[in-house]
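Notes follow the structure.
In what follows, chains carry the letters A, B, and so on, assigned in the order in which the sequence lines appear, proteins first and then strands, with residues in each chain numbered from 1.
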Protein chains: 2
Amino acid sequence: MRPTVHDIAAEAGVSLATVDRVLNNRPGVRTVTRHKVERAIATLGYVRDVAAANLAKGRSYPLVFILPAGENSFMRGLEAEVRAAMARSAAERTDITILSVPAFDAPALAAALMEARERRPAGVAVVAVEAPEVTEAVKRLREDRIAVVTLVSDLPGSGRDHFAGVDNIAAGRTAGSLMGRFIGGREGAVAVVAGSMLVRDHRDRLEGFRAVMTEDFAGRCILPVIEGQDNPTLVEKLVGALLERQPDLAGIYSLGAGNRGLVAALEKAGREKTICAIAHELTPHSRAALVSGTIDALLNQNAGHEVRSAIRVLKAKADGLPVISAQERIRIDIFLKDNLPLEQA
Amino acid sequence: MRPTVHDIAAEAGVSLATVDRVLNNRPGVRTVTRHKVERAIATLGYVRDVAAANLAKGRSYPLVFILPAGENSFMRGLEAEVRAAMARSAAERTDITILSVPAFDAPALAAALMEARERRPAGVAVVAVEAPEVTEAVKRLREDRIAVVTLVSDLPGSGRDHFAGVDNIAAGRTAGSLMGRFIGGREGAVAVVAGSMLVRDHRDRLEGFRAVMTEDFAGRCILPVIEGQDNPTLVEKLVGALLERQPDLAGIYSLGAGNRGLVAALEKAGREKTICAIAHELTPHSRAALVSGTIDALLNQNAGHEVRSAIRVLKAKADGLPVISAQERIRIDIFLKDNLPLEQA
DNA sequence: CTGTTAGCGCATTCAA
DNA sequence: TTGAATGCGCTAACAG
């Protein structure tokens, strides 16, 4: 049987309370006593039973998630994952509140952060928009010792505790690499459609994509970025116009959302087979387009992983515990029609 | 505060023991009493605290992992993940033993399964070789109510409880799809290097690969399969010979292990830039080859996920609990040099 | 500075 | 068929 606090108390010749004190390094133990206990811990090879500890503590973690509103399928999927986490909250001892704000709206986001602050949660997870007022709000939360994790889109320089999302520069590079190889020797320019240059993730993807195209596919012309605000209607209009003025277009990299518009424009123009399209995020629409062949490859960040990671990190930070960063790294998935996970998964 | 057994006992007007009986549907409760309790559970919205339950039970899960011996980096990585799980065994209430057997050796594997059986574990995870004696041994374990999970390579028809591994047909298809697109319009045949046709995963990958090449890249010639026994030295020899007799080779799909041999042969022949190489499993060697460009794409199954999934399933099956199969699905990762996770991760 | 004691939510004797 | 009592491994008052 593995050793318990009782065993180490006996071995060290002290009481349970003392053992508990050194285990949770609380004050009020003489150095000699502490050493005795530590030695007992070492010789017996004691490892604390976290489940039992949590049971005894009865601690719970009030958390706030701030997510963008709107039709964006990825964000709705993200919200669904947060709600799934709420359903598990009994078992995970969390108490989660969701706050919804308009997309790409820095003042509204800053206001939501202040609202979150008033709830005095243990931690806040936020899909960030890069703006001074948002940075400022995050700093205020940190001053109140509220843990902050940026989700999906980061906010460097804000002092947030952690970023739960993918390396978007690498994502852009990956898209560039696939695009260059898939197009191969064919002629024609490549277009880039983004949502907004106000969010860090989109800027990073663009940077990565351009870097690879310059390094490895130097002859290829990259057209100026189109900003579609992650809005399918707008994206469709802009891409439609693009297709008209670029009869020789070889590829489109859609690094934001609104892919329904992209797909519609390509199919209306009858160019879905000749243009290599690479987009982000696996949603019901993008999935269908991948299967049909309109989209050639999809880069994805697993929203479920991101939410669960954010919660783990928030809890750890709230307890002042270190985070095993290797374990919290979110991978960039590449999906072709052949390695698509089953529906619903 | 969420309701506890006490609350539902009070609500139903019975004792703790009775509540416990209906909760774990044990006999010895009148139907009326049972109904009262069930109603209380429903109205209070009770959910059992699994951690507390486990604490009270003090149950632990003796498990056996049977892994192939040898230099195969992927398998050694797998073993490292099992050892990592052993390190967590205190917290997870598992007690894991590793059994090592020669690779591709059905009699030895069958013997190991019988050895595992004598330990009377709650469950066994095994990297399967497809052979009647192995199937038979697995059936015996099942008869002794020992849960069995196949790991990495499956054993259909054996009655194993679960397969913790990727869909290898889909993996082969993915490789085919990438191969066809990366080669594009270039001339030349494509070769396939396998480990052994005795293991299901290799056979499945081959099937998927051939299917896609036939469906989508019909003009491309696929050479007969080379079996390298996952042995780098043998692979190097065989691929070396292949390169000599096929001066126009356009691509190589290595669906097994021994990639050190593949890389060495390509580089010695100076063909690493002109031949598109796609291989499996991210190891230090394959990673280096991907970065240098000798390997163009790597398909990967995350050994850590597989091991953790196997353990979860084994515990669930041992307790007679259902498995949420969607959650246990192992994804096929595609790595290019651009989306490689950081070292060590 | 150290020890005693009473739970956390649940499972399990042993009596009744 | 039911209930009272005890303990799992740990934390947290409260005493000393």
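For D/dG3, the OP1/OP2 oxygens have no side-chain nitrogen or oxygen of B/Arg21 closer than 4.0 Å. Proximity of A/Arg30 to the phosphate of C/dT2: a side-chain N or O atom is located under 4.0 Å from OP1 or OP2. Phosphate contact (OP1/OP2 of C/dT4, side-chain N/O of A/Ser15, threshold under 4.0 Å): absent. Within the structure, a side-chain polar atom (N or O) of B/Thr33 is placed less than 4.0 Å from OP1 or OP2 of D/dT2. In this model, the phosphate group of D/dA12 is approached by a side-chain N or O of A/Arg26 to a distance below 4.0 Å at OP1 or OP2.
In the displayed structure, B/Arg2 atom CZ is contacted under 6.0 Å by more than 12 heavy atoms of other residues, nucleotides or ligands.
Within 4.0 Å (heavy atoms only), B/Arg34 reaches no atom of the nucleic acid at all. Residue A/Gly58 is classed as having no contact, given no heavy-atom separation below 4.0 Å to the nucleic acid. Residue A/Asn24 is classed as a sugar-phosphate contact, given heavy-atom separations below 4.0 Å to backbone atoms only. Using a 4.0 Å heavy-atom cutoff across all strands shown, B/Ala17 reaches at least one base atom of the nucleic acid. Here B/Asp20 lies in heavy-atom contact (under 4.0 Å) with a base. Within the nucleic acid shown, B/Val14 comes within 4.0 Å of sugar-phosphate atoms alone, with no base atom in reach, counting heavy atoms only.
Annotation: cation-pi pair B/Arg48/B/Tyr46 absent, no NZ/CZ under 6.0 Å from the ring centroid and within 45° of its normal.
Computed from coordinates, the B/His6 NE2 to D/dA5 P distance equals 12 Å when rounded to whole Å. The distance from atom CG of B/Leu23 to atom C1' of C/dC10 is 9 Å, rounded to the nearest whole Å. Spacing between atom CG of A/Asn54 and atom C1' of D/dA12 amounts to 15 Å, rounded to whole angstrom units. The CG-C1' distance, from A/Leu16 to D/dT11, rounds to 10 Å in whole Å. One can place CG of A/Asn25 at 13 Å from P of D/dA12, the figure rounded to the nearest angstrom. Rounded to whole Å, atom P of C/dC8 lies 10 Å from atom CG of B/Asp7. The distance from atom NZ of A/Lys57 to atom P of D/dA13 is 13 Å, rounded to the nearest whole Å. Taking atom CD1 on B/Ile8 and atom C1' on D/dG3, their separation rounds to 15 Å, with Å as the unit.
When the nucleotides C/dG9, D/dT2, C/dG7 are ranked by their closest atom to the side chain of A/Ala56, C/dG7 comes out on top. Of the candidates D/dC10, D/dC8, D/dG3, D/dC8 carries the atom nearest the B/Leu55 side chain, counting heavy atoms from C-beta on. Here the nucleotide nearest the side chain of B/Val5, chosen from D/dG9, C/dG3, C/dC10, is C/dC10.
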Fill in: Derivation and outcome, side chain to side chain donor-acceptor pair (under 3.5 Å), residues A/Asn302 and A/Arg308
CA-CA 10 Å; A/Asn302 190 302; A/Arg308 290 186 288 272; 4.5 Å; no
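A/Asp7 places a side-chain N or O within donor-acceptor distance of the main-chain N or O of A/Thr4, the cut-off being under 3.5 Å.
Considering only heavy atoms from C-beta on, B/Arg83 comes within 4.5 Å of B/Ile98 through its side chain.
Looking at every heavy atom in both residues, B/Ala128 comes nearest to B/Asp154 through CB-O, 3.9 Å.
Of the two residues near DNA chain D, A/Asp49 and B/Gly28, the one whose nearest nucleotide lies more 5' is B/Gly28.
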